[in-house]
Amino acid sequence: MLGTLALAAATVAAGAVVAPAQAEDGLTMVAIGDSQAAGPLVTTQNSWDCLRSDDNWPSVAARTIGATLTDVTCSGATTSDLTGRRFGYMAPQLDAVKPDTDIVTITIGANDLNLGVLVPSCMQPLPAPFGIACSSYQPDTYSSQIDAVGARIASAVQSVHTRAPGARVYLVSYYTYWGTSGCYPIDPIWSVDAKWLQGIFDRLNAKLAAVAASNGASYVDLATPSRDHGVCAPIATKWVEGLIPTSAASPYHPNALGNREGGAIVAAALD
């Protein structure tokens with residue numbers, strides 16, 4: 001998610017990361033999506049182009065169920081990168097899906113909505129009323145945008161079914177960030193805007209669930225279990241970081257604990 005906040009200047013060659021086979025049954029898993037799944041700046045990065053971690057939730061889930069993982073998640077990715085070449089040289093993410101692929105996870109959509117720009121635009125240096133709430137002047141066209149994104153994700157799911165008829169497909173939600181009120185000034189977004197921003201993510205997650213239900217896929221909910229572990233949670237229990245990270249992670253992305261917990265939840269759904 002929010003790859004605009006995560007992209008670094010350093011660039012090295014980046015390909016899909018394949019974990020060693022661990023399962024006797026030869027399970028193969030492909031992870032598709034954006035920085036919400038890629039794990040930017042969490043532990044070891046296996047791709048600086050994509051800011052992708054060896055310990056992101058897809059890696060945790062694959063290790064837990066003993067699957068061989070092909071991870072093509074990439075910070076900043078949009079639905080156009082599922083069929084097009086990101087940066088002009090990366091293979092389309094859907095190309096990682098092969099006829100013998102068993103499991104495909106997909107987390108995508110936030111960057112199509114340009115949320116990586118919207119979120120920082122809502123940061124406030126001063127408490128209310130010394131400023132203007134971004135929800136008061138930003139046009140909320142997100143419901144129609146989310147509908148369009150949902151249609152593109154549905155097309156991607158159908159493409160997976162065509163490429164790998166036997167694969168199980170899972171649409172994995174975004175985490176919960178602010179809950180219902182935020183925690184200004186710990187995270188410098190006013191309560192009214194935190195509630196509004198979280199509502200956009202909630203609408204996107206609902207669309208992912210609807211697309212899964214109508215396209216032969218399953219929905220994995222990370223939003224509900226992370227509700228008490230957002231940017232306002234105590235450092236020891238937070239799964240996602242705020243503007244100023246308290247552990248190694250990109251702002252407004254899951255940290256190491258969040259990836260471990262998210263990976264366990266996804267693994268339970270996959271198993």
Side-chain angles (χ1 to χ4, degrees), residues 1 3 14-19 21 23 25-39 47 50 52 56-86 90-113 146-174 204-222 262-263 265-271:
M1 183 214 78
V17 173
V18 182
D25 61 1
L27 275 176
T28 57
M29 172 177 165
V30 172
I32 287 171
D34 59 23
S35 56
Q36 177 86 134
S47 166
C50 284
R52 185 173 57 229
N56 56 19
W57 66 251
S59 297
V60 172
R63 289 195 294 265
T64 302
I65 66 172
T68 301
L69 173 65
T70 300
D71 188 353
V72 293
T73 59
C74 193
S75 297
T78 68
T79 54
S80 65
D81 296 308
L82 303 183
T83 56
R85 291 187 174 274
R86 182 155 180 76
M90 289 184 177
Q93 291 193 18
L94 283 170
D95 284 4
V97 179
K98 307 300 181 185
D100 61 350
T101 297
D102 297 306
I103 296 167
V104 178
T105 63
I106 302 173
T107 299
I108 201 81
N111 292 313
D112 291 70
L113 305 178
I146 288 169
D147 285 343
V149 169
R152 294 193 291 274
I153 296 173
S155 178
V157 172
Q158 292 303 322
S159 179
V160 171
H161 289 321
T162 299
R163 292 165 184 257
R168 291 177 285 150
V169 185
Y170 298 84
L171 299 187
V172 183
S173 82
Y174 290 84
L204 177 57
N205 286 334
K207 178 59 67 175
L208 291 173
V211 169
S214 59
N215 287 274
S218 299
Y219 175 70
V220 183
D221 178 17
L222 296 184
I265 294 166
V266 174
L270 303 183
D271 201 6

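Because the structure is a prediction, the values reported are computed rather than measured. Index from 1, following the sequence.
Proximity of a side-chain donor or acceptor of N111 to a complementary backbone N or O of A77 within less than 3.5 Å is detected. Without hydrogens or angle criteria, T28 side chain to D100 main chain gives a donor-acceptor distance under 3.5 Å. Distance alone, capped at 3.5 Å, places no donor-acceptor pair between the Y174 side chain and the L204 backbone. The backbone N or O of N215 sits less than 3.5 Å from a side-chain atom of H161, completing a donor-acceptor pair. Remark: the backbone N or O of S155 is not paired with any side-chain donor or acceptor of S159 at under 3.5 angstrom.
In plain terms, the two heavy atoms of A96 and V30 that are nearest each other are O-CG2, 3.5 Å. Between S173 and L208, the shortest heavy-atom contact is CA-CD1, 4.1 Å. Closest approach of C74 to A38, counting heavy atoms only: N-CB, 4.2 Å. The two residues L82 and A156 come nearest to each other via the heavy atoms CD1-CB, 3.6 Å. What you find for T101 and A167 is that their closest heavy atoms are O-CB, 3.3 Å. Between D71 and P58 the shortest heavy-atom distance is OD2-CB, 4.4 Å.
Rounded to the nearest 0.5 angstrom, D81 CG and C50 SG are separated by 8.5 Å. Distance OG1/T73 to CD1/I32: 10.0 Å, rounded to 0.5 Å. Between atom CD of residue Q93 and atom OG1 of residue T79 there is a gap of 10.5 Å, rounded to the nearest 0.5 Å. A distance of 10.5 Å separates CG in L171 from CG in N205, rounded to the nearest 0.5 Å. Distance check, rounded to the nearest 0.5 Å: CE of M90 to OG of S47 gives 5.0 Å. Atoms CG and OG1, from D34 and T107 in turn, are 7.0 Å apart once rounded to the nearest 0.5 Å.
The closest side-chain heavy-atom distance from R163 to P99 is not below 4.5 Å. Within the 4.5 Å cutoff, no side-chain heavy atoms of D102 are placed close to those of M29. Within the 4.5 Å cutoff, the side chain of I65 has heavy atoms near those of the I103 side chain.
Annotation: salt bridge (charged side-chain N to carboxylate O under 4.0 Å, His left out) contacts of D271 (sequence neighbours excluded): none.
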